[in-house]
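Chain letters run A, B, ... following the sequence lines, proteins first and then strands; every chain starts at 1.
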Amino acid sequence: MNYLEGLNDRQREAVLDTEGPLLILAGAGSGKTRVVTSKIAYLIQEKNINPWNILAITFTNKAAEEMKERVAVLLDRSVDGMWMGTFHSICVRILRKYIEEIGYNRSFTIYDRDDQITLVRECINELNINKDNYKESAVLSYIGTLKDNMTDPDKFINTNYSDYFKRNIGEIYSLYQKKLKEYNALDFDDLLIKTVELLSKNEDILREYQDKFQYVFVDEYQDTNRIQYKLIRQLSGKHKNLSVVGDADQSIYGWRGADISNILDFEKDYKNAKTILLEENYRSSSNILELANEVIKNNSGRKEKNLWTSNKEGHPIKYIELQDERSEAKFVVEKIDELLEKGFKLSDFAILYRTNAQSRSFEEAFMSRAIPYKLVGGLKFYDRKEIKDIVGYLRVLENPVDNISLKRIINTPRRGIGAATLERLEDYADKTNSSIFNALVHLDDIELSGRARNSLQSFKDIIDHLLVRKDHMSLQEFIEEVINYSGYLEELKKEDNIESKTRIENIQEFVSVAMDFEVHNEEATLENFLADVALLSEVDKTSDTTNVVTMMTVHGSKGLEFPVVFMVGMEDGLFPSIRPDDTDKDMEEERRLCYVAITRAEKKLFLTNTKIRTIYGRPNYAIPSRFIKEMGDKIEKVEDDSSKATIKFTDYRTKSEVKNNRKSSPTAFDLISQPKAKVKVDNKGMDIALGNKVEHSKWGVGTVVQLKERDDGDKELTIAFETEGLKKLLKSIAPIKVIG
DNA sequence: TCACTGGGGATTTTT
DNA sequence: TCCCCAGTGA
């Protein structure tokens, strides 16, 4: 039984205890994935359970894939029939089969956040509500909360009738839901809600799935919300063989409605539930683990836990305070360089930050040094305009009543269909209680100018043509047809500039994504492809480039591990993020976030903060994170010795001057740490040598401490200035004078 | 209809 | 700082 090998007693117990509800409280790095995979393997091999009767819910699709693979390796057979995936993808699978029972069409569209925003805007406009008081994103998150609590819009309006603001929110919410239904679309929350609704309303379907899922696993249970909780209860309702795995200290999605009480109350909710604690950490050095414990113990209201390791003490944890983002990035990049020489691989490193916006300075630093990296999240491939446009076409072709997508593409590329024309169509759609697409079918019934009518007709012809083609082509061929026939590609080709070329490349990339999808999926239909595109998580979407440095938010790092971790931007206000109406609870979640970040590290951990952080292009003084203080003597502060400016030295002499080795007219420096700034140097520029004194009107006197020839022929010098504030974001730079 | 412009807001975290 | 949006004029 190779799948029990090397497990500790507790892990083994968790594997063998297959019947009834089981809560596995698994501390960070305690080998929970191993337990789950072994357990599934055990069920299949020893208990003769059909993979088809097992459901495993993970946080990302990638985690599901990996788990499937690991089980397959353990058993030396494929386990394709097993249901593994995220809550959302499981729900889509159920809904695709049965959603017609609750009045939707099975080719429904899944709306992402952007679509949701557009839809909310549409609702606000339609209700004539003052836009200034109702920001789309705020309204949307309000609606999200209501949906999480399964509050009915009408009920919400009634109970808050005297509260003008809330009443309006309710009105928007109500219209929002109405429109979703009309457009045959579901947002992320709806995928869960509608599944629960379907199962509650339809006993036969509920029974079908309850019979099927004899064993149910849920990973990251601490991050489930109320609806997910309900769904799990429904699906595991008959056999009640439910294993959930989680760690309350790693709950970081409270803002998304995750409810810690799901995990805390498990024993109450499920009679006869057993609890197994996994407290031995196999991942991190004891220094790192101690640091994590030191931080998390500041949270009140948590179950005391004793996460321990028999790993060695390991390296001390270093903490460095840098001047600004640029020096922070420079520090990290140089450290990586240094460690690479000591035998680490690029893929050993992760840079973790609190907000995506922080990635920029690191990207610049990596690019300027030609160090390969990958960015998880942030600039998302699928969020690019051109990709969304093409997806817009595909969605309309799959689900023509999806007005949001139709409006997106009807005049993209430009076809002379403007706001006025569109409004006519919408009016007609409203009047006839149908969709904009339907209005296109009945153009004759609508009053339009000749030109508008022609434009609309030719748009309609394009769509009709594509609709005919849809069923006779492979996915990839069809997408190519869409790109060509819609005139989208042509338009880009006409533009013929760098930007349009990148767009074309992205579209080509998208086509190869589709190709890939066809290769890896038996049912490579358009609807499945679109669902896949909508539901892939950020981690899933990032290509598996091996051996590069990884950059991502702390949230994104959940469940991952790296030999070397940099936690950057450890500043109050940034990490922890502090907002006006934050509560103690919010701060505790930030602390758990910090805990998650620390426990990603296996061998080495670096923490950095800056003294000056630029926010909205404005430099702001920053103070070190309170978490740094909580770490006390578990971290070792390293002095930043880079009150040096590195300067790129460009030789501006003419060829003849170079030939005759003559010195010349003003020579320029680029400050690498401030690349836009140019610094002029007097005639002696060419003679710079180590130890030279340099004078700068703002920074005072400095010494040349390093001099090197760059690959591009320029020289690079590093100057140590004696004054502190040298890198304080210079707007304009006065000449440098070289002395001696 | 569309291109241009000025102003204001944005940075939490994501399926 | 940068990006998005609404409003304006041709």
[X]: which residues meet the ring-ring contact (aromatic ring centres under 6.0 Å, His included) condition with it, sequence neighbours left out?
X	value
A:Phe529	A:Phe510, A:Phe517
A:Tyr176	none
A:Tyr142	none

Dump every N/O contact between nucleotides 7-10 of chain C and the protein below 3.5 Å, one line per pair.
none

Rounded to the nearest Å, what distance is computed from the [atom1] atom of residue [X] to the [atom2] atom of nucleotide [N]?
X	N	atom1	atom2	answer
A:Tyr253	B:dT15	OH	P	6 Å
A:Leu375	B:dT13	CG	P	12 Å
A:His88	B:dT15	NE2	P	9 Å
A:Ile578	B:dT13	CD1	P	16 Å
A:Arg326	C:dT1	CZ	P	13 Å
A:Gln358	B:dA10	CD	C1'	15 Å
A:Ile252	B:dT13	CD1	P	12 Å
A:Arg618	C:dC2	CZ	P	13 Å

- prompt: Just checking A:Phe87: base, sugar-phosphate only, or nothing, at a heavy-atom cut-off of under 4.0 Å?
  reply: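 Nothing, no nucleic acid heavy atom in range.
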message: Could you tell me if A:Arg424 and A:Tyr428 have a donor-acceptor pair between their side chains, going purely by distance under 3.5 Å?
response: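 Side chains of A:Tyr428 and A:Arg424: no pair found under 3.5 Å.
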State whether [X] places a side-chain N or O below 4.0 Å from either non-bridging phosphate oxygen (OP1 or OP2) of [N].
X	N	value
A:Thr421	B:dT1	yes
A:Arg121	C:dC5	yes
A:Thr60	B:dT15	no
A:Asn356	B:dT14	yes

message: Once salt bridge (charged side-chain N to carboxylate O under 4.0 Å, His left out) is applied, do any residues pair with A:Asp259, and if so which ones, sequence neighbours excluded?
response: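 In terms of salt bridge (charged side-chain N to carboxylate O under 4.0 Å, His left out), with neighbours along the sequence ignored, A:Asp259 is linked to no residue.
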query: Who passes salt bridge (charged side-chain N to carboxylate O under 4.0 Å, His left out) against A:Arg113, sequence neighbours left out?
result: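 Scan of A:Arg113 (salt bridge (charged side-chain N to carboxylate O under 4.0 Å, His left out), adjacent residues dropped) gives none.
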5′-ward residue of the pair A:Thr553/A:Ile615 relative to DNA chain B: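 Going by which nucleotide is closer to the 5' end, it is A:Ile615.
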task: Could you check A:Ala357 against A:Ala419 and say which one's nearest nucleotide on DNA chain B is further toward the 5' end?
output: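 The residue closer to the strand's 5' end, by nearest nucleotide, is A:Ala419.
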- prompt: Do A:Asn225 and A:Asn262 come close enough that some side-chain heavy atom pair is under 4.5 Å?
  reply: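 They are not in side-chain contact.
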Could you go through nucleotides 2-9 of chain B and list every protein N or O atom that sits under 3.5 Å from one of its N or O atoms, giving the distance for each pair?
| unit_1 | atom_1 | unit_2 | atom_2 | d |
| --- | --- | --- | --- | --- |
| B:dC2 | OP1 | A:Gly416 | N | 3.4 |
| B:dC2 | OP2 | A:Asn411 | ND2 | 3.1 |
| B:dA3 | OP2 | A:Arg414 | NH1 | 3.4 |

Given [options], the nucleotide with the shortest approach to the side chain of [X]:
X	options	result
A:Thr86	C:dA6, B:dT1, B:dT15	B:dT15
A:Tyr616	B:dA10, B:dT14, B:dT1	B:dA10
A:Phe188	C:dC2, B:dT15, B:dT11	B:dT15
A:Trp255	B:dT13, B:dT15, B:dT1	B:dT13
A:Thr355	B:dT15, B:dT13, C:dC5	B:dT13

query: On a whole-Å scale, what distance lies between the C1' atoms belonging to B:dT13 and C:dC4?
result: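 Going atom to atom, C1' in each nucleotide, I get 22 Å.
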task: Output all residues satisfying side-chain contact (heavy atoms from CB on, under 4.5 Å) with A:Ser577, sequence neighbours left out; order by chain, then residue number.
output: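 Once residues adjacent in sequence are excluded, the partners of A:Ser577 under the side-chain contact (heavy atoms from CB on, under 4.5 Å) criterion are A:Arg354, A:Arg579, A:Glu590.
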- prompt: Which residue, A:Leu605, A:Ile351, A:Thr550, forms the side-chain contact (heavy atoms from CB on, under 4.5 Å) with A:Val565?
  reply: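 Going through A:Leu605, A:Ile351, A:Thr550 one by one, the side-chain contact (heavy atoms from CB on, under 4.5 Å) with A:Val565 is satisfied by A:Leu605 alone.
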message: I'd like to know if the side chain of A:Arg453 reaches the main chain of A:Glu447, judged simply by a donor and an acceptor atom lying under 3.5 Å from each other, with no hydrogens or angles considered.
response: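 No, because the side chain of A:Arg453 does not come within donor-acceptor range (under 3.5 Å) of the backbone of A:Glu447.
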field: Summary of salt bridge (charged side-chain N to carboxylate O under 4.0 Å, His left out) pairs that have at least one residue in residues 133-148 of chain A, sequence neighbours excluded
entry: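 Residue pairs passing salt bridge (charged side-chain N to carboxylate O under 4.0 Å, His left out), neighbours aside: A:Arg121-A:Glu136, A:Lys147-A:Asp187, A:Lys147-A:Asp190.
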